[in-house]
Amino acid sequence: GIGNVGEYLLPEDQCSTFFSRDGGETWREIKKGAYQWEFGDHGGVIVLVPKNSLTDRIFYSIDMGETWSDYILQGAKVYIQDIVTVPGDSALRFLLIASSSSVTGGSTKTFTVDFSNVFERQCSLNPDRPDNEDFKFFSLGQSDSKCLFGHQERYLMKDNYDCFVGNAPLSEFREITKNCSCTRAD
């Protein structure tokens with residue numbers, strides 16, 4: 001998300017970009033300034049680009065936001081207008097749509113960024129035992145102690161950064177750990 005720490009929200013050009021790994025319970029500043037982003041491989045790959053400013057690089061994480069690297073794009077600096085990947089955020093390829101302006105006029109450029117050769121293997125998902133060396137169940141925020149919409153729930157998440165998830169149906173693997181009464185807050 002884009003924002004700031006403080007009592008009031010500042011204008012976007014004075015904000016930073018933050019990232020949460022626990023459903024918004026905690027946030028960590030990852031870049032000074034406003035950035036746009038796109039997720040791939042179920043959140044295992046994240047691509048960031050400066051928002052509304054000229055750039056010749058992208059920033060990316062292949063470990064679900066733990067560490068960040070940069071990649072320099074070939075050619076002159078451009079305004080990246082959009083980052084596109086397949087619906088469902090399972091892809092390892094991203095399409096950057098950019099525009100440039102020069103003395104001769106503006107033009108649209110596209111860049112493809114492919115992370116498919118970055119990982120050693122595809123993660124192993126066993127439907128009979130989904131919680132294994134590649135995946136673990138986790139709770140969002142404080143959901144271990146709080147109910148939401150009548151239950152406490154845990155979700156399956158990649159736990160090994162050497163592999164990619166691909167089209168594995170992670171959303172089908174969740175555990176209801178406790179049923180409870182709904183409250184007015186629900």
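None of these values were measured; they are calculated from a predicted model. Computed over heavy atoms, backbone and side chain alike; hydrogens, waters and symmetry mates excluded.
- No chain of hydrophobic side-chain contacts below 4.5 Å, direct or via other Ile, Leu, Val, Met, Phe, Trp or Tyr residues, connects Val45 to Phe39.
- Here the shortest heavy-atom pairing between Ser61 and Thr67 reads OG-O, 2.9 Å.
- With Ser116 contributing its side chain and Leu92 its backbone, the two residues share no donor-acceptor pair below 3.5 Å.
- A salt bridge links Asp114 with Arg93; the closest basic N to acidic carboxylate O contact falls under 4.0 Å.
- Checking Thr85 against Glu38 by side-chain atom types alone, no donor-acceptor pair falls below 3.5 Å.
- For Ala98 against Phe111, the heavy-atom pair with the smallest separation is CB-CE1, 4.1 Å.
- Taken together through direct or relayed side-chain contacts under 4.5 Å among Ile, Leu, Val, Met, Phe, Trp and Tyr, Val113 and Ile83 form part of one hydrophobic cluster.
- Using a 4.5 Å heavy-atom threshold, the side chains of Lys51 and Glu12 count as touching.
- Atom NZ of Lys31 and atom OG1 of Thr17 lie 9.5 Å apart (nearest 0.5 Å).
- Ring centroid separation for the pair Phe119 and Tyr161 does not come in under the 6.0 Å cut-off.
- Tracing side-chain contacts under 4.5 Å through hydrophobic residues (I, L, V, M, F, W, Y), one reaches Phe19 starting from Ile2; they form part of the same cluster.
- Side-chain contact of Ser107 with Ser100: a donor-acceptor pair under 3.5 Å is present, judged by distance alone.
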Evaluate the criterion side-chain contact (heavy atoms from CB on, under 4.5 Å) for residue pair Ile30 and Trp68; output intermediate values, then yes/no.
-> CA-CA 8 Å; Ile30 54 174; Trp68 295 89; 3.6 Å; yes
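- Rounding to the nearest 0.5 Å places CZ of Phe138 at 8.5 Å from NZ of Lys136.
- Nearest heavy-atom pair, Lys158 versus Met64, reported as atom, atom and distance to 0.1 Å: O-SD, 3.6 Å.
- Residues Tyr71 and Ser69 fail the side-chain proximity criterion, which asks for heavy atoms closer than 4.5 Å.
- Hydrophobic clustering, with ILVMFWY side chains joined whenever heavy atoms are under 4.5 angstrom apart, groups Val118 together with Val47.
- Once rounded to the nearest 0.5 Å, the distance linking OG of Ser53 with NZ of Lys77 reads 8.5 Å.
- Atom CD1 in Ile58 sits 9.0 Å away from atom CG in Asp70 (nearest 0.5 Å).
- The two atoms that bring Gln81 and Gln36 nearest to each other are O-OE1, 3.6 Å, heavy atoms only.
- Between Asp134 and Arg121 there is a salt bridge, since at least one side-chain N of the basic residue sits less than 4.0 Å from a carboxylate O of the acidic one.
- Relative orientation of the Phe59 and Tyr35 rings is perpendicular, given thresholds of 30° and 60° on the angle between their planes.
- Counting only distance, with no hydrogens or angles, the side chain of Thr55 and the backbone of Pro50 share no donor-acceptor pair below 3.5 Å.
- At most 12 heavy atoms of other shown residues, nucleotides or ligands fall within 6.0 angstrom of atom CG in Asn117.
- With Thr110 as the partner, the side-chain contact (heavy atoms from CB on, under 4.5 Å) test is satisfied by one option alone out of Leu95, Val84, Asp82: Leu95.
- Ile46 and Ile62 fall into different hydrophobic clusters, defined by Ile, Leu, Val, Met, Phe, Trp and Tyr side-chain heavy atoms under 4.5 Å apart, directly or through other members.
- The minimum heavy-atom distance between Asp41 and Gly166, with the atom names listed, is OD1-N, 2.7 Å.
- At least one side-chain heavy atom of Leu54 sits under 4.5 Å from a side-chain heavy atom of Tyr79.
- Note that the SG atom of Cys123 and the CZ atom of Phe135 stand 4.5 Å from one another [nearest 0.5 Å].
- In this structure, Phe94 and Phe115 have perpendicular ring planes: the angle between them is above 60°, well past the 30° mark.
- Residues Cys163 and Gln122 are not in side-chain contact: their nearest non-hydrogen atoms beyond the backbone lie 4.5 Å or more apart.
- Shown here for Leu9 and Gly3, the closest heavy-atom pair between the two residues is CD1-CA, 4.0 Å.
- Each of Val49, Leu48, Asn52, Ile97 was scored for a side-chain contact (heavy atoms from CB on, under 4.5 Å) with Ile80, with one residue passing: Val49.
- Note that CD of Glu175 is 4.5 Å distant from CZ of Arg154, once rounded to the nearest 0.5 Å.
- A salt bridge between Lys178 and Glu153 is absent, with no side-chain N of the basic residue lying under 4.0 Å from a carboxylate O of the acidic one.
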